[in-house]
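Because the structure is a prediction, the values reported are computed rather than measured.
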Amino acid sequence: MANIKSQKKRIVTNEIAHQRNKSKKSRIATEVRKYKELITKGEFENASKSLNDIFSLIDRARLDGVYHQNTASSKKSKLAKLLSDAQKASAK
């Protein structure tokens, strides 16, 4: 345990931030799981709506500093590609 008063405060604030970030990441992961289930069922319209919600969550997490900008962009790109590929595969 730290001896310096300011470091003790930082330990507490870091834990609070850690819990907040963990919550946001968990929420995004849950929504992504539901999104992937919609794609496997072939419900592309619902998946598209869900994708917009996920994009919003990822953007808010990026603004709050949970994700780096490139990480957020990469996640969004992968999710959009997943839907696009699934729609193309079902059209064939």
Side-chain angles (χ1 to χ4, degrees):
M1 185 68 184
N3 292 326
I4 300 168
K5 186 176 181 181
S6 63
Q7 188 58 36
K8 290 178 183 178
K9 290 179 184 179
R10 286 304 302 162
I11 290 170
V12 172
T13 58
N14 286 343
E15 181 60 27
I16 292 168
H18 170 71
Q19 293 300 325
R20 185 171 45 243
N21 292 346
K22 184 177 170 185
S23 172
K24 289 180 184 188
K25 285 183 180 182
S26 176
R27 171 92 191 277
I28 291 170
T30 301
E31 294 299 323
V32 167
R33 190 188 79 245
K34 291 178 184 177
Y35 167 73
K36 288 180 179 179
E37 288 175 3
L38 288 173
I39 289 176
T40 56
K41 291 179 184 176
E43 299 177 19
F44 299 123
E45 283 194 28
N46 291 337
S48 180
K49 292 175 186 175
S50 177
L51 184 62
N52 289 333
D53 295 338
I54 294 170
F55 280 2
S56 177
L57 290 173
I58 291 173
D59 286 337
R60 276 188 261 146
R62 181 184 58 80
L63 289 174
D64 292 338
V66 177
Y67 291 127
H68 186 273
Q69 183 175 355
N70 293 349
T71 303
S73 295
S74 176
K75 286 182 179 295
K76 289 167 44 175
S77 175
K78 287 176 186 176
L79 292 171
K81 185 173 180 354
L82 188 67
L83 179 62
S84 176
D85 290 348
Q87 287 175 332
K88 288 178 185 175
S90 70
K92 290 183 179 179

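Distance check, rounded to the nearest 0.5 Å: CZ of R27 to CG of L57 gives 5.0 Å. To the nearest 0.5 Å, atoms CD1 (I54) and NZ (K49) are separated by 14.5 Å. Distance check, rounded to the nearest 0.5 Å: OG of S74 to OH of Y67 gives 11.0 Å. Between the CD atom of Q19 and the OG atom of S26 there is a distance of 11.0 Å, given to the nearest 0.5 Å. For the atom pair L79 CG and K36 NZ, the distance stands at 7.0 Å (nearest 0.5 Å). Once rounded to the nearest 0.5 Å, the distance linking CG of N46 with CD1 of I39 reads 11.5 Å.
Panel note: side chain S73, backbone Q69; a donor-acceptor pair is recorded below 3.5 Å.
More than 12 heavy atoms of other shown residues, nucleotides or ligands fall within 6.0 angstrom of atom NZ in K24.
In this model, a donor atom of one side chain and an acceptor atom of the other lie less than 3.5 Å apart for R60 and S56.
No salt bridge links R20 with D64; every basic N to acidic carboxylate O contact stays at or beyond 4.0 Å. Between E37 and R33 a salt bridge is recorded (basic side-chain N to carboxylate O distance below 4.0 Å).
By the rule that hydrophobic residues join a cluster once side-chain heavy atoms approach within less than 4.5 Å of another member, L38 and L83 end up as members of separate clusters. Under the 4.5 Å side-chain heavy-atom criterion for grouping Ile, Leu, Val, Met, Phe, Trp and Tyr, I58 is connected to Y35 within one hydrophobic cluster.
Legend: residues meeting side chain to side chain donor-acceptor pair (under 3.5 Å) with N21, ordered by chain and number and at least two apart, are absent.
Two residues are said to be in side-chain contact when any heavy atoms from C-beta on lie closer than 4.5 Å; K76 and D59 meet this criterion. Counting only heavy atoms from C-beta outward, the side chains of D53 and E31 never approach each other to under 4.5 Å.
The only member of K88, Q87, K81 that meets side chain to side chain donor-acceptor pair (under 3.5 Å) when paired with D85 is K81.
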